Amino acid sequence: MSAITASAPGKIILFGEHAVVYGVPALAVPVTQVRALATVAEHPTAFEIDAHDIGRRYRLSDAPPNDPLALAIKLVCQRAKTYQPPSVILRLQSTIPIASGLGSGAAICAASARALATFLNTPITNTELSAIVFETEKLLHGTPSGIDNTVIAHEQPIYFVKNKLPEPFTIPKPFHLVIGDTGQPAPTKVAVGDVRAAYERDPERYTHIFNQIGALSWLARATIESGLVAELGPLMNQNQALLRQLNVSSPELETLIEAALRAGASGAKLSGGGRGGNMVALVTPETRLAVATALRQAGAHHIIETTVATQANA
Ligand code: PMV
């Protein structure tokens with residue numbers, strides 16, 4: 001059988017991180033110019049994984065028990081009723097920065113699951129793929145809301161409420177983002193655990209913050225759907241003020257956010273678990289370059305410019 005290749009995009013949360021864990025809405029969009037790519041081809045002896053970018057080549061049978069990719073492979077094999085992993089080589093490549101809140105792990109699992117399922121002649125729907133990647137996210141984060149796997153599997157802008165069907169939404173007027181990476185690792189699990197502890201100490205105060213964040217996600221969706229994208233900036237700034245109250249920002253994130261706003265971004269906030277990882281700024285074609293330059297000067301390790309638009313398959 002000839003080799004099968006599949007890919008999955010990065011993602012960025014625009015509104016609602018952390019609060020989404022407590023049942024309020026969040027908005028996330030795919031970042032399509034960075035992608036994970038997986039190719040499955042026959043191999044003479046065993047199931048091998050070649051993660052070229054990180055210089056690792058190993059047999060599936062040698063993967064540690066809590067390896068997310070090994071779990072994704074196992075779940076696809078179960079679905080294909082192939083209880084013995086096939087003798088194949090899974091080659092991985094990715095341009096998504098690792099461990100920075102852009103969903104690189106989830107995208108690797110999604111691309112691999114898609115390629116392997118097709119190779120095993122059992123193509124899976126995006127919803128099934130999302131469920132497989134959700135299981136792998138649990139290994140990494142403990143109690144993920146499910147937003148990352150949903151956006152990456154569906155590759156569409158998503159209005160997400162935990163335990164509800166995801167709502168893809170249309171973007172009549174594209175908008176532009178500059179994403180800046182602090183270079184600090186983003187310990188999502190730690191940040192989520194700290195927010196949980198704070199919530200348990202003072203549920204009333206934190207529920208109020210979560211509800212305000214949820215209202216911003218709702219308003220942001222309505223704003224985007226009305227094509228009033230310039231009005232998103234102030235909503236992002238309000239969301240960032242509430243994230244500060246949750247104590248998930250960091251001096252490095254604040255430096256990049258301030259640099260972006262000074263250079264003309266109309267809004268900027270952290271994205272994902274916080275305490276490091278990425279921030280995202282709303283720009284226009286006119287301010288895009290100045291903001292990217294300011295972020296670089298302020299110490300961003302990696303910059304991605306992306307345009308958010310409704311996908312052709314939406
Ligand atoms: O750090 P990321 O990009 O995987 O985002 C985590 C988002 C949280 O809301 C903090 C957690 C979750 O499971 O939704």
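Both ligands and their constituent atoms are indexed starting at 1 by order of listing. Please read all numbers here as calculations on a predicted model, not as lab measurements. Quick note: residue numbers are just sequence positions, from 1.
Listed by first and then second residue, the ring pair (Phe, Tyr, Trp, His ring centres under 6.0 Å) pairs that reach into residues 24-75 come to none, sequence neighbours excluded. Judged as a side chain to side chain donor-acceptor pair (under 3.5 Å), the pairs with a partner in residues 68-97 (not counting sequence neighbours) are, in order, Arg79-Glu128. For residues 209-222, the pairs satisfying side chain to side chain donor-acceptor pair (under 3.5 Å) are Glu167-Arg221, His208-Gln212, Arg221-Glu225, with sequence neighbours left out.
Within the model, atoms CD1 of Ile98 and CD1 of Ile54 stand 6.0 Å from one another, a figure rounded to the nearest 0.5 Å. To the nearest 0.5 angstrom, Ile89 atom CD1 is 12.0 Å from Leu60 atom CG.
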Ligand 1: which protein N/O atoms lie under 3.5 Å from its N/O atoms?
{"unit_1": "ligand 1", "atom_1": "1 (O)", "unit_2": "Thr188", "atom_2": "OG1", "d": "2.6"}
{"unit_1": "ligand 1", "atom_1": "1 (O)", "unit_2": "Gly273", "atom_2": "N", "d": "3.0"}
{"unit_1": "ligand 1", "atom_1": "3 (O)", "unit_2": "Lys11", "atom_2": "NZ", "d": "2.6"}
{"unit_1": "ligand 1", "atom_1": "3 (O)", "unit_2": "Gly101", "atom_2": "O", "d": "3.3"}
{"unit_1": "ligand 1", "atom_1": "4 (O)", "unit_2": "Asp148", "atom_2": "OD2", "d": "2.7"}
{"unit_1": "ligand 1", "atom_1": "9 (O)", "unit_2": "His18", "atom_2": "N", "d": "2.8"}
{"unit_1": "ligand 1", "atom_1": "13 (O)", "unit_2": "Ser145", "atom_2": "N", "d": "2.7"}
{"unit_1": "ligand 1", "atom_1": "13 (O)", "unit_2": "Ser145", "atom_2": "OG", "d": "3.4"}
{"unit_1": "ligand 1", "atom_1": "14 (O)", "unit_2": "Ser145", "atom_2": "OG", "d": "2.5"}

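No side-chain donor-acceptor contact under 3.5 Å links Ser271 to the backbone of Met279.
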